[in-house]
Participant: 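Here it is, the structure in full.
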Amino acid sequence: MAIEDEILSDITDSQNTEVSDHAKEYLSVLNPEQYEAVVHEGSPLLILAGAGSGKTRVITTKIAYLIGEKGVNPHSILAVTFTKKAAAEMHERAIALEPREETRQVMIRTFHSFGAWFLRVYAESVGVDPNFTVYDDEDVISLIQKLDLDFHEQEKKSRKRLNESGDKMTKKEAAVYARKISLAKDYCLRPDSEDLLERSEFLEPQDFKDVYAAYENRLRAIGNVDFGDLIMLPVLSLRENKNLRDKIRKRFRYIMVDEYQDTNLAQFELLKALCDFDETDKTEHTYVCVVGDDDQSIYKFRGAEVEHILKFKDDFPNTDLIRLERNYRSTPEILKLADNVVANNQNRLGKTLRAERGSGKTPVLAFLPNQDDEVHFCADLVQKTHAMGVSYSDWAILYRTNAQSMGFESEFVRKKIPYIIVGSLKFFEREEVKDIVAWLELLANHKNEIAFHRIINKPARGIGNKTQDSIVVCAQNEWQTTGENGGETQNFEKNDIIAACCYMTGRLSGKSKSEVAKFAELIEEIESLFEEDTTAGGELAGQVLSENADSSDELKKRESKKTLAELIEAIAKKSGLAQYYEDRDKEEHTFRVENIQELANSAVPYPLARQGLLDFLDNIQLDRTLSNQDEDVAEDAVTLITLHNTKGLEFNRVVMTGMEEGVFPRNGDDEEEMEEERRLCYVGITRAKNELYLTSCAVRRMYGHIEYMKCSPFLLEMGTEGVKAIGQLPSRYRGSSFYQGDYGERGLSHPDFGTDEIQKKYYRGAKIYHDDYGYGIIANTTVNDDGEYAITVSFENSGIKRFLPKYQESSLMIVKD
DNA sequence: AGTGCAACTCTTTTT
DNA sequence: GAGTTGCACT
């Protein structure tokens, strides 16, 4: 330690002459490795940063340092992160370190958001519609299903249908293609790529390549993109288009990538394409710095490969390596468990995290009878500590699958414990929200077929499938028409569905004629709200604005006029959707109209203009997980979150739930998957700063059946040494050296009741009230092998249940006569 | 076109 | 067990 300190002062001394006092301040808080990483320049840099080792600080300080001390133009710095939240945080911290106006200009985005920016600004060069919107999974599936129809029409029913069954593709079939197409794009493989079929996952279904190709054609024709395109299209066009490549490389001279271990092949290729390493002039190459931790790679299923970290130095010659191994986040007790687990992985670079913090509480492992007890246990922990002054936001409940959140939610509602769920996409998947968004998408891009189908007949206007199809087919064919009034010939863009509606009005008859005409008028009416902005139309007028307009600041400057919220309200009202959902709300006791209003509220920062519309759509499509919580941030609440979503976050107190084989890890057979799950476990443990709790249930209800669970192998890997076990130990732990705690200890969730008191309180014959089961009588009491006091309760309406009262005191209430 | 019932599948994880 | 999908009937 002393030697390192000396080195540090050595380095800082030598730099002092060049560095401003301001910089000295923020550099002085860095440890030697962090310092080295911040001031590093020249060759590519790979930072292996363990959990909690201050990597965000390194990146933000590096940005501040480049701008403030090295005179680098902020405009030429690009930082890529994994989530919008991380990007926003990084931006803020960089500005705080180097508080001048230009710092705002640093581009800090997620890979996908960067891709969206790129595609909009260079739409023409890339060959995409500048008004594209991004299809989500559901839209992609719908589009694949519609492909069937297209082929049918085009080939005059003679061609063999695309899917194997010969019928219209079912949603499920389409979903298989959708998943594989998305995976192919993660690998940067096009339908005509030679190596497409070299990967075994694309051999099935047999016609995958054809469907992929047809899908791509259709997607381009209707001017939209999917998630994969946001990465793949920039890569392909940068490879092919030297002008574009030169332009972009001239702009971004400093590129930093966070969470590098989770980049997939396409993202890796994008990074390579952005950097001028392979060009002739080697003296003036892009400065690249990537930060990652191989032990935290948890997105293999999305095409991420740990190997990219190893591969990095092959593609970026002369790479320097810096390791950050000092952990400032967690207590040594917590860190030890994390290390015990991840040490079982074969495929890792290997590093030892050293705890900088002093000793803390022993992590607690709770063996519980079933998941109801697990839910109660968590609620108790939170409630009891809250009574002692611990804030709700100290707590995070972690689980493997989203489905597990339900039990916690209902219990927390019942107990009035405030909580936020991170990462649930529910809001944007709601029917009413998707309807309004479909309207917005169709306004942004008249070719958006999927959005058209969604809204044309909702509420029912009497425009059925046949009419809809005829409009789409009409739009697909190159056509001309004479304006009905004047007689001059008009040319409409191919696939423009709105134009097709107008045209078809002259061709249909009866009810559908008048209704389609009305619908076309409705669109026109709503679109007229944009009038002041006509020049922006399909042109690249938004280019300048969107260069840096990631979010609020830029947008707020333009909020002088009307906002997008107005557009949303107009849509809801004029389309009849507001009325429609109002009626349904009354009938079904739902709050759909409120959700629409919430969507409108979230659109307030965006101006009522084409560019505002596109920005808004980008934002909700690329950031669906986070945007619905913006209002509640200030509130003190427990965090419910999947393990995957915890990446980059930290909490004072963490409960990892469902530590059972089959739940976590979900699949114990495949050794590779097992290693990934193990890393996920490592990530979970290292989120905790001060206290860690693990829960494991003996019995769990899964798809309606009762399953007897084995405890997670990760618990065994953690060892028994540094863990305090409570509850009934599974047989495999009998006779182990576990330090078995009791519930009396202060700071734990359970009150200071000794066994005696518990026994006195829950006597045989006592009347009980339980939130879930109602009233009952204690029919029997026993003491089990571990000396735990158990009661059997006979409920009036819920049968006979057995409890261990000391775990469940809060839900087992004694009714006094 | 809209309703109602039967028969599924589903549990990874996300931009 | 729940939520969703597809089919048949009105």
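Sequence lines set the chain letters: A, B, ... in the order given, protein chains first and strands last, and positions in each chain run from 1. The shown structure was predicted, so the numbers you read here are calculated from the model rather than taken from an experiment.
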Participant: Taking the same atom, P, in dG6(C) and in dT11(B), what whole-Å distance lies between them?
Facilitator: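 It works out to 16 Å between them.
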Participant: Let me know the distance between CZ of F227(A) and C1' of dT14(B), rounded to the nearest Å.
Facilitator: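 Taking atom C1' of dT14(B) as the reference, CZ of F227(A) is at 8 Å.
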Participant: Please list, chain by chain and in numerical order, all residues satisfying side-chain hydrogen bond (donor to acceptor under 3.5 Å, both in side chains) with Q371(A), sequence neighbours excluded.
Facilitator: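 By the side-chain hydrogen bond (donor to acceptor under 3.5 Å, both in side chains) rule, Q371(A) matches no residue at all.
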Participant: How would you label the contact of Y299(A) with the nucleic acid (heavy atoms, under 4.0 Å): base, sugar-phosphate, or nothing?
Facilitator: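 Sugar-phosphate, backbone atoms only, no base.
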Participant: Using atom names, set out every protein N or O paired with an N or O of nucleotides 1-4 of chain B below 3.5 Å, distance rounded to 0.1 Å.
Facilitator:
from	atom 1	to	atom 2	distance (Å)
dA1(B)	OP1	G464(A)	N	3.3

Participant: Can you spot which of D618(A), N224(A), N445(A) makes a side-chain hydrogen bond (donor to acceptor under 3.5 Å, both in side chains) with T133(A)?
Facilitator: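 Between T133(A) and the candidates, side-chain hydrogen bond (donor to acceptor under 3.5 Å, both in side chains) is satisfied uniquely by N224(A).
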Participant: Figure out the CD/C1' separation between Q261(A) and dT15(B), and round it to whole Å.
Facilitator: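 To the nearest whole Å, that distance equals 15 Å.
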Participant: Are any of S113(A)'s side-chain N or O atoms less than 4.0 Å away from OP1 or OP2 of dT15(B)?
Facilitator: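 So the side chain of S113(A) is outside the cut-off, no N or O lying under 4.0 Å from OP1 or OP2 of dT15(B).
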Participant: So, do F111(A) and dT15(B) meet the stacking rule of ring centres under 5.5 Å and planes under 30°?
Facilitator: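 No, F111(A) does not stack on the base of dT15(B), since the centre distance and plane angle fail the 5.5 Å and 30° test.
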Participant: Looking at residues at least two apart in the chain, or sitting in another chain, which of them share a side chain to side chain contact (heavy atoms under 4.5 Å, CB included) with M406(A)?
Facilitator: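 Once residues adjacent in sequence are excluded, M406(A) has no partner under the side chain to side chain contact (heavy atoms under 4.5 Å, CB included) criterion.
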Participant: What is the distance, to the nearest angstrom, from the CE atom on M709(A) to the C1' atom on dT11(B)?
Facilitator: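 It works out to 12 Å between those atoms.
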Participant: Could you work out, with side chain to side chain contact (heavy atoms under 4.5 Å, CB included) as the rule, every residue matching P665(A), not counting sequence neighbours?
Facilitator: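 Here the qualifying residues are M674(A), E677(A), S712(A), P713(A), F714(A).
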Participant: Using atom P of each nucleotide, how far apart are dT4(C) and dT13(B) to the nearest Å?
Facilitator: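 Looking at atom P only, dT4(C) and dT13(B) are 15 Å apart.
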Participant: What residues form a side chain to side chain contact (heavy atoms under 4.5 Å, CB included) with A273(A), not counting sequence neighbours?
Facilitator: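 Expected list: L238(A).
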Participant: Round to a whole Å and report the spacing from CD of Q267(A) to C1' of dT14(B).
Facilitator: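 The distance from CD of Q267(A) to C1' of dT14(B) comes to 11 Å, rounded to the nearest Å.
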Participant: Can you name the residues that form a side-chain hydrogen bond (donor to acceptor under 3.5 Å, both in side chains) with Y581(A), not counting sequence neighbours?
Facilitator: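 Scan of Y581(A) (side-chain hydrogen bond (donor to acceptor under 3.5 Å, both in side chains), adjacent residues dropped) gives E431(A), D435(A), K458(A).
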Participant: Below the 4.0 Å mark, does dT11(B) have OP1 or OP2 next to a side-chain nitrogen or oxygen of N402(A)?
Facilitator: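 False: N402(A) side-chain N/O out of range (4.0 Å or more) of dT11(B) OP1/OP2.
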Participant: Nearest-Å distance, CD (Q621(A)) to P (dT14(B))?
Facilitator: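 After rounding, the reported distance stands at 19 Å.
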Participant: Can you sort out the partners of E650(A) under salt bridge (Lys or Arg N to Asp or Glu O under 4.0 Å), two or more places apart, ordered by chain and number?
Facilitator: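 Salt bridge (Lys or Arg N to Asp or Glu O under 4.0 Å) list for E650(A), sorted by chain: R329(A), K689(A).
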Participant: Earliest and latest nucleotide of DNA chain C, 5' to 3', sitting under 4.0 Å from a non-hydrogen atom of chain A?
Facilitator: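 Taking any atom under 4.0 Å from a heavy atom of chain A, the span is dG1(C) to dG6(C).
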Participant: Taking only residues two or more places apart in sequence, or in another chain, which ones meet R678(A) in a side-chain hydrogen bond (donor to acceptor under 3.5 Å, both in side chains)?
Facilitator: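 N345(A), E717(A).
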Participant: Please state how far atom CG in L643(A) lies from atom C1' in dT11(B), giving the value in whole angstrom units.
Facilitator: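 That distance rounds to 14 Å.
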Participant: Would you kindly say whether E432(A) and N595(A) are connected by a side-chain donor-acceptor distance under 3.5 Å?
Facilitator: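 The answer is yes; a qualifying pair exists.
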Participant: Starting at the 5' end of DNA chain B and moving along, which residue's nearest nucleotide shows up first, F82(A) or E673(A)?
Facilitator: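 It is E673(A) whose nearest nucleotide is closer to the 5' end.
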Participant: Rounded off to whole Å, could you give me the CD-to-P distance for the E707(A) and dC10(B) pair?
Facilitator: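 It works out to 17 Å between those atoms.
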Participant: Honestly, is K647(A) close enough over F82(A), meaning NZ or CZ under 6.0 Å from the six-membered ring centre and within 45° of the axis?
Facilitator: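 Yes, K647(A) sits over the ring of F82(A).
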Participant: How do H112(A) and M702(A) order along DNA chain B: which one's closest nucleotide is nearer the 5' end?
Facilitator: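 Checking each residue's closest nucleotide, the 5'-ward one belongs to M702(A).
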Participant: Rounding to a whole Å, what distance do you find between K300(A):NZ and dT13(B):P?
Facilitator: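 After rounding, the gap between these two atoms is 19 Å.
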